[in-house]
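Here the structure is a predicted model, which means the values were calculated and not measured. Below, read A as the first sequence line, B as the second, and so on, with proteins coming before strands; counting in each chain starts at 1.
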2 protein chains.
Amino acid sequence: MVTMRDVADRAGVSIATVSFLLNDTKPVTAATRARVEQAMAELGYRRNAVARALASRRTHIIAMAYPALDHKFGFSATEFLTSAANAARERDYHLVLWPVGNDGTELTELLGQGLVDGVVLMEVQLDDPRVTVLQELATPFAMIGRTSALEGLSHVDIDFDQTVEDAVAHLHGLGHRRIVLVSGNLTDPLFSTYGPYVRSEAAYRRIAPEYGLETVVMECSGSTQAGQEAMARLIHNHPDTTAVMIVNEFAALGSVAGLSRLGRRIPDDISVLPLLMAPEMAALTNPELTIMRTPGPELGQLGTEALIRQLEGADPLPPQLVPAKLYPGATVAAPTGPQPKAAAGRRGARKSRS
Amino acid sequence: MVTMRDVADRAGVSIATVSFLLNDTKPVTAATRARVEQAMAELGYRRNAVARALASRRTHIIAMAYPALDHKFGFSATEFLTSAANAARERDYHLVLWPVGNDGTELTELLGQGLVDGVVLMEVQLDDPRVTVLQELATPFAMIGRTSALEGLSHVDIDFDQTVEDAVAHLHGLGHRRIVLVSGNLTDPLFSTYGPYVRSEAAYRRIAPEYGLETVVMECSGSTQAGQEAMARLIHNHPDTTAVMIVNEFAALGSVAGLSRLGRRIPDDISVLPLLMAPEMAALTNPELTIMRTPGPELGQLGTEALIRQLEGADPLPPQLVPAKLYPGATVAAPTGPQPKAAAGRRGARKSRS
DNA sequence: CTGAAAGCGCTTACAG
DNA sequence: CTGAAAGCGCTTACAG
């Protein structure tokens with residue numbers, strides 16, 4: 001292995017000088033620089049990351065902590081992960097993947113090893129024990145998602161308000177007046193404080209009335225099976241529904257299969273609009289889904305960037321909320337059947353929202 | 001930060017003794033052990049991973065190198081990744097994710113940093129430049145997948161022969177005599193040497209005749225769109241096909257949609273059997289797919305295990321080939337239409353393969 | 001069974 | 001602008 005010592009000897013300088021040049025931490029004359037750079041090139045020198053980490057107390061490794069047991073690792077999670085890994089690489093950091101429980105004990109254990117400079121937290125609960133752990137250990141971190149209490153916490157997240165607003169506006173504009181939201185299974189303690197469900201539902205309950213719409217929220221677990229079953233309940237309990245918005249991406253896929261099996265034509269009889277989904281997944285159904293596209297690549301990048309800025313002492317990245325944007329497919333269209341009276345009578349009831 | 005020095009002082013021993021005990025590398029008397037362990041507990045000592053790495057030349061970090069640009073990161077890849085990350089954690093290793101190109105230049109760059117003990121290679125090409133790089137740098141590695149030349153290379157992979165054999169046997173047993181294989185797009189230089197396509201096709205060409213079947217191989221890129229289009233060609237060129245086996249998981253999903261749009265009933269008119277797919281994906285179609293289930297969790301775990309054994313100098317794990325197993329769904333059934341003469345005439349032509 | 005000491009390959013005050 | 005030296009927190013021959 002070629003060390004800094006070797007380079008210094010060949011260039012006729014001290015190892016300190018090599019280090020200064022390498023890190024651009026002190027000025028070096030052009031002549032010295034040339035000699036050192038030539039020596040490095042000739043020897044094929046590569047700076048040892050471990051030694052650097054020990055001496056500088058900065059490993060340039062960040063961890064992505066995701067609660068493996070509790071959340072399926074779907075397409076969206078994959079987008080977060082790969083974009084975070086790429087963003088880290090671009091900034092000369094490494095990303096390690098830490099599958100940990102939601103309770104923070106494993107996180108404590110891992111952080112104790114001193115291997116990482118900071119942590120990107122995925123699938124954040126409204127009250128997340130991992131946040132407490134990180135704060136107690138004074139470990140820099142950024143959240144992809146948000147706890148309820150946020151003061152001073154670095155985070156990026158989906159803008160659920162804007163996403164739901166855009167989705168409702170789109171459907172309403174097409175003429176839909178019976179729009180149901182399929183959210184999560186809030187009786188499951190794990191998901192009753194899961195941001196995407198809670199925030200989507202809150203946004204829907206606030207926005208739908210502004211459009212003169214009745215609010216109907218259905219609970220549904222995050223699996224294709226559950227999504228399929230939910231559609232049977234929907235048809236039974238809310239037969240006049242013309243459009244369904246659905247939060248979980250797996251359930252959304254199941255809903256299409258479910259409606260088809262129940263003999264409902266999409267989008268002629270009913271429109272389906274997932275609120276959070278990756279395009280790769282949208283292409284999997286027949287017809288291809290119209291979706292609100294999860295900003296996974298953006299958020300993975302932003303979350304990583306927010307963390308690295310903290311680590312480098314740069315200006316902090318302000319919290320960013322990014323909406324899911326409409327990504328056209330073939331499951332949303334104007335309703336064709338007769339409009340329910342109540343809704344029809346409310347046309348124009350939409351409040352101005354300039 | 002509590003260091004080994006602090007522990008040693010409080011226990012009244014040298015730091016060497018603490019290290020010996022911690023690593024179980026030299027015997028320590030019960031009395032000494034008790035004192036040291038108490039000191040560690042009282043101080044909340046955690047061994048610093050970076051210092052250990054520098055002194056021992058073993059970082060306990062392994063990298064998963066995946067060619068991000070060239071391969072979609074689908075469900076199967078996610079299964080490999082998460083199971084590898086879990087396996088690493090269980091053995092007290094960390095897994096970093098390296099999105100790298102297929103050509104090995106970035107890999108060289110990253111390996112030079114000395115951060116990882118070894119590499120798990122994903123999406124291995126038959127002739128993979130990354131393998132050359134790893135060998136030249138004498139970096140331990142394990143492949144999930146296989147190059148053509150294998151002597152001495154640690155690897156785990158799908159058992160394509162067994163998988164295709166099982167799939168053909170299953171379909172044949174149900175009465176199918178016109179079984180088409182939809183493989184990859186071999187005109188694309190990147191995929192003409194991609195193991196899953198090449199090996200599936202080779203296995204099919206070898207096995208089908210043993211069952212008295214005519215071999216028909218269709219090319220198809222790895223997207224839902226391509227899978228859909230391939231079905232139009234299939235219906236046109238090979239109208240008497242009763243069953244289709246399809247390698248790529250995205251194309252497989254598209255094929256179901258494509259056949260439906262073309263008015264073919266699945267499985268009444270035609271059976272569909274993907275050769276490599278994750279169950280989460282199989283649930284997405286209507287009807288739900290019968291699949292050969294990719295052994296992603298097994299292979300991710302085995303590949304990681306194979307690498308770690310090399311690193312620890314344990315008995316090497318022999319190369320493992322794991323077949324995809326039949327995972328029942330609703331897209332495979334006995335053919336209902338009239339059997340084509342040629343095939344019918346060959347019944348019983350199956351060679352004995354005891 | 002235990003310890004003193006060298007060393008892993010860097011970074012970083014400190015001095016000049 | 002450059003260098004000598006201490007130190008990061010461990011592991012590991014070597015000696016006893």
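Non-hydrogen atoms lying under 4.0 Å from DNA chain D are contributed by nothing in residues 27-40 of chain B.
Under 3.5 Å, the side chains of B:Asn86 and B:Thr82 contain no donor-acceptor pair of N or O atoms. A donor-acceptor pair shorter than 3.5 Å can be found between the side chains of B:Thr59 and B:Asp117. In this structure, a donor-acceptor pair under 3.5 Å is absent between the side chains of A:Ser83 and A:Gln301. Under 3.5 Å, the side chains of B:Thr108 and B:Thr105 contain no donor-acceptor pair of N or O atoms. Side-chain contact check for A:Glu312 and A:Tyr93: at least one donor-acceptor pair (N or O, by modelled atom type) lies under 3.5 Å.
As rounded to whole Å, 12 Å separates atom C1' of D:dT11 from atom NE2 of B:His60. The distance from atom CD of A:Gln113 to atom P of D:dC10 is 12 Å, rounded to the nearest whole Å. Remark: P of C:dC1 and NZ of B:Lys26 are 11 Å apart, rounded to the nearest angstrom. For the pair A:Leu54 CG and D:dC10 C1', the computed distance is 8 Å after rounding to whole Å. In this structure, B:Met1 places its CE atom 17 Å from P of D:dG7, rounding to the nearest Å. Rounding to whole angstrom units, CG of residue B:Leu21 and P of C:dT2 are separated by 9 Å. Following rounding to the nearest Å, B:Asn23 (CG) and D:dA13 (C1') show an atom-to-atom distance of 15 Å. For the pair A:Leu22 CG and C:dT12 P, the interatomic distance rounds to 12 Å; values are reported in whole Å.
Nearest-nucleotide positions on DNA chain D place A:Phe20 closer to the 5' end than the other of A:Arg57 and A:Phe20. Closest-nucleotide positions on DNA chain C for A:Val50 and A:Thr25 were compared, and the one nearer the 5' end corresponds to A:Val50.
Using a 4.0 Å cut-off between charged side-chain N and carboxylate O, B:Arg52 and B:Asp92 make a salt bridge. By the 4.0 Å N-to-carboxylate-O rule, B:Asp9 lies too far from B:Arg35 to be salt-bridged with it.
Across C:dC10, D:dC10, C:dT2, the shortest atom-to-atom separation from the side chain of B:Ala51 is found for D:dC10. Side-chain proximity of A:Arg47 to the nucleotides C:dA5, D:dG9, C:dC10 is greatest for C:dC10. Between D:dT11, D:dA4, C:dT11, one nucleotide has an atom nearer to the side chain of A:Ala16 than all others, and that is D:dA4. You'll find that the side chain of B:Ser56 is closest to D:dT11, out of D:dG9, D:dT11, C:dA4. For A:Ser14, the listed nucleotide lying nearest its side chain is D:dA4; candidates were D:dA4, C:dT2, C:dC10.
Closest non-hydrogen pair, B:Asn48 versus B:Ala51, comes out as OD1-N, 2.8 Å.
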- Task: Report the secondary structure of DNA chain D in dot-bracket form, marking unpaired bases with a dot and bases paired to a different strand with |, and treating Watson-Crick or G-U pairs with both distances under 3.5 Å as paired.
- Result: |||.||||||||.|||
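To the nearest 0.5 Å, atoms CG (A:Leu43) and CE (A:Met4) are separated by 12.5 Å.
A side chain to side chain donor-acceptor pair (under 3.5 Å) with A:Gln113 holds for exactly one of B:Arg47, B:His94, B:His60, B:Arg46; it is B:His94.
Contact annotation: A:Ser19 reaches the phosphate of C:dT11 (side-chain N/O to OP1 or OP2, under 4.0 Å). Regarding contacts with the backbone of D:dT2, every side-chain N or O of A:Thr17 stays at 4.0 angstrom or more from both OP1 and OP2.
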